[in-house]
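Below is one structure, written out as C-alpha cells; the observations come after it.
Remember, predicted model here, so these are calculated numbers, not experimental data. The figures here come from the full heavy-atom set of this structure, side chains too, leaving out hydrogens, waters and symmetry mates.
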Amino acid sequence: MRTLTAYLPALLVSVAAYAVFSHPGHRRPLVQIESPIAQLTLAPGRHVDLDLDLLVLRQTPRVGACPTLSMHLRDTAGQAIRFFDHRLKSWLGSRSQSGLCVRDRTTLVQSMLDEPLPPGDYGLFAGLWEPASRRTFRLLRAGDSGGARRVLVAEVEVTDRRDSPSLAFDDAWGPIEPWDSGAAATRRSWRDAASLTLERWPETVELRLLIDLPSDATTRDDAPLSVACTGETVRLRPGAQEVRVQVPSRLDGDCQLRFPAVDSSGSQGGALDSVSWAPKDTARSR
C-alpha cells in the first residue's frame, strides 16, 4: 500500500490551486461592458457589425497578450446556434492596467451558403477566456453588480425577409459541404477558375466573403479575384482572408465575381467559407 507521502506533492498542488482560484480577488469581474444592449436585425444572408466598448477593471498579469472574446448567439431555449469567437486584438499586452479601454467589433453573419435561421428572437452573449490556460473571466455590465461568466450584449431579431440578393455558381464550384465553423454551417470550394454571380440586389450593398486557401497555395499566373461590374481586384493570399466589396445598385445586368485558379500540393483548392451582404448605409451598426 502506498503511503500518504507518495500522494503529498499532488495534494499540495491541488490545495494551492484551490487557494489561488477560490480567492475572492479572482472572482472579481475583469472587464466592464460600457455599451448598452444593442437591438439588431439579422435577415437571411445578412451581416451586421456590432461595436463594444470594454473597460478593464483590474490588473491582469496572468492574461495572455490577446485573450478571446466568445460571442454566442442563443435561441430562447438557451441553445447556442452560432459562435463568433475572436481574439481581442486591441488588448494591450499581458500586464494591462485597470482603466484600459478596448474597442471591439464583432460581425454577426447569416451566410448565404447556409439555410436561413428560423425567424424569431435571439440573444447575443459575450464571455472572456484565455486560450493558453483555458481560464475564464467574469464580466460586468456598467451599472450592474456581481458580474457573470456570460453577459447579454445584444437582442437580435432574425427575420424571414426574402428580398435579399441571390447567388449563382458556375460549374467550376464543388458542392456545398457541411462545415461547422461556429459562424457558418456550410462552405463551397473551387480549384479551377470559377465565377460567382450576384443577382437582383435591391440597393448598393457591401458583400463580405470569407475565403480560405491552403498554406502553400498560389493563384495561377498570380491572378487576383476580380469584380467584373466595378473593375475592382483583390489579391488572394494563403490562409483565411476577409474580402469586402461594394456593389452599386444601378447596374445593367448582374455582377460577376471571378475567382482565379488555385494551385497547391494537395487536392484542396480554395474554399468560400461564407458570403453575406448588407445595405451599404447600414453595413456597420453601432
Does any N or O in the side chain of [X] come within less than 3.5 Å of the main-chain N or O of [Y], such that one atom is a donor and the other an acceptor?
X: Arg138; Y: Leu128; answer: no
X: Arg188; Y: Gly174; answer: yes
X: Thr204; Y: Ser249; answer: yes
X: Trp173; Y: Arg191; answer: no
X: Asp104; Y: Leu52; answer: no
X: Asp221; Y: Ala223; answer: no
X: Thr186; Y: Leu113; answer: yes
X: Ser264; Y: Gln268; answer: yes
X: Gln241; Y: Arg235; answer: yes
X: Asp216; Y: Ser265; answer: yes

Go through Arg82 and Asp114 one step at a time and tell me if the salt bridge (charged side-chain N to carboxylate O under 4.0 Å, His left out) criterion holds.
CA-CA 12 Å; Arg82 289 288 186 272; Asp114 294 342; 3.8 Å; yes
Could you tell me whether the side chain of [Y] reaches within less than 4.5 Å of the side chain of [X], counting heavy atoms only?
X: Val153; Y: Met71; answer: yes
X: Val205; Y: Pro279; answer: no
X: Leu88; Y: Leu54; answer: yes
X: Leu30; Y: Pro67; answer: no
X: Val156; Y: Leu108; answer: yes
X: Glu157; Y: Asp121; answer: yes
X: Ile37; Y: Glu155; answer: yes
X: Asp51; Y: Arg103; answer: yes

When the ring centroid of His72 is compared with that of Phe83, is the distance short of 6.0 Å?
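Yes, close enough.
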Establish, yes or no, whether a centroid distance under 6.0 Å links the rings of Phe169 and Trp190.
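No - the distance between ring centres of Phe169 and Trp190 does not fall below the 6.0 Å cut-off.
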Between [atom1] of [X] and [atom2] of [Y], what distance do you get to the nearest 0.5 Å?
X: Thr219; Y: Leu213; atom1: OG1; atom2: CG; result: 8.0 Å
X: Phe84; Y: Leu69; atom1: CZ; atom2: CG; result: 12.5 Å
X: Phe125; Y: Ser70; atom1: CZ; atom2: OG; result: 11.5 Å
X: Asp263; Y: Thr218; atom1: CG; atom2: OG1; result: 5.0 Å
X: Cys101; Y: Asp53; atom1: SG; atom2: CG; result: 7.5 Å
X: Ser166; Y: Glu199; atom1: OG; atom2: CD; result: 4.5 Å

For residues Leu225 and Leu210: do they belong to one hydrophobic cluster (side chain heavy atoms under 4.5 Å, members Ile, Leu, Val, Met, Phe, Trp, Tyr)?
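No, Leu225 does not connect to Leu210 through the hydrophobic network.
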Show the numbers, then the answer: is there a side chain to side chain contact (heavy atoms under 4.5 Å, CB included) between Arg150 and Arg74?
CA-CA 12 Å; Arg150 196 163 296 281; Arg74 296 177 179 267; 3.8 Å; yes
Looking only at heavy atoms, what is the nearest atom pair of [X] and [Y], with distance?
X: Ala184; Y: Ser111; value: CB-CB, 4.3 Å
X: Ser189; Y: Glu177; value: OG-OE2, 3.6 Å
X: Gly269; Y: Pro214; value: O-CD, 3.2 Å
X: Gln110; Y: Ala43; value: NE2-O, 3.3 Å
X: Gly123; Y: Leu152; value: CA-CD1, 3.9 Å
X: Ala126; Y: Leu139; value: O-CD1, 4.1 Å

Residue pairs passing the disulfide bond (SG atoms under 2.5 Å apart) test where at least one lies in residues 202-234, sequence neighbours excluded
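Matches after skipping sequence neighbours: Cys229-Cys255.
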Glu206 versus Gln246, side-chain donor and acceptor atoms under 3.5 Å:
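Looking only at side-chain atoms, Glu206 and Gln246 do not form any donor-acceptor pair under 3.5 Å.
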Quick check on Gln39: does its CD atom have over 12 non-hydrogen neighbours (other residues, nucleotides or ligands) under 6.0 Å away?
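Atom CD in Gln39 is crowded, with more than 12 foreign heavy atoms closer than 6.0 Å.
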Could you go step by step and tell me if Arg200 and Asp254 meet the salt bridge (charged side-chain N to carboxylate O under 4.0 Å, His left out) rule?
CA-CA 7 Å; Arg200 50 171 203 86; Asp254 300 327; over 6 Å; no
Under the side chain to side chain contact (heavy atoms under 4.5 Å, CB included) criterion, do Thr41 and Val48 qualify, and how do the steps go?
CA-CA 8 Å; Thr41 300; Val48 61; over 6 Å; no
Output, in order, the C-alpha distance, side-chain angles, deciding distance and verdict of side chain to side chain donor-acceptor pair (under 3.5 Å) for Arg87 and Thr68.
CA-CA 4 Å; Arg87 295 292 186 93; Thr68 291; 3.2 Å; yes
Evaluate Gln256 against Leu196 for side chain to side chain contact (heavy atoms under 4.5 Å, CB included), listing each step before the verdict.
CA-CA 6 Å; Gln256 189 177 78; Leu196 170 64; over 6 Å; no
Applying the side chain to side chain donor-acceptor pair (under 3.5 Å) criterion to Thr107, which one of Arg244, His86, Glu242 satisfies it?
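The option that passes is Arg244.
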Think Arg135 forms a cation-pi with Trp129, using NZ or CZ under 6.0 Å from the six-ring centre and within 45 degrees of its axis?
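Geometry flag: not set, cation outside 6.0 Å or 45°.
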Could you check whether Arg149 makes a cation-pi contact with Phe137, meaning its NZ or CZ is under 6.0 Å from the centre of the six-membered ring and within 45° of the ring axis?
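The answer is no; the distance or angle limit is not met.
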Tell me whether Asp212 is salt-bridged to Arg187, with the criterion being a basic N under 4.0 Å from an acidic carboxylate O.
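Yes, charged N to carboxylate O under 4.0 Å.
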Begin with the C-alpha distance, continue with both residues' side-chain angles, and end with the deciding distance and a verdict on side chain to side chain contact (heavy atoms under 4.5 Å, CB included) for Leu73 and Leu117.
CA-CA 11 Å; Leu73 186 67; Leu117 294 173; 4.1 Å; yes
Which one of Leu209, Leu167, Leu257 satisfies the side chain to side chain contact (heavy atoms under 4.5 Å, CB included) criterion with Leu272?
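Among Leu209, Leu167, Leu257, the one that satisfies the side chain to side chain contact (heavy atoms under 4.5 Å, CB included) with Leu272 is Leu209.
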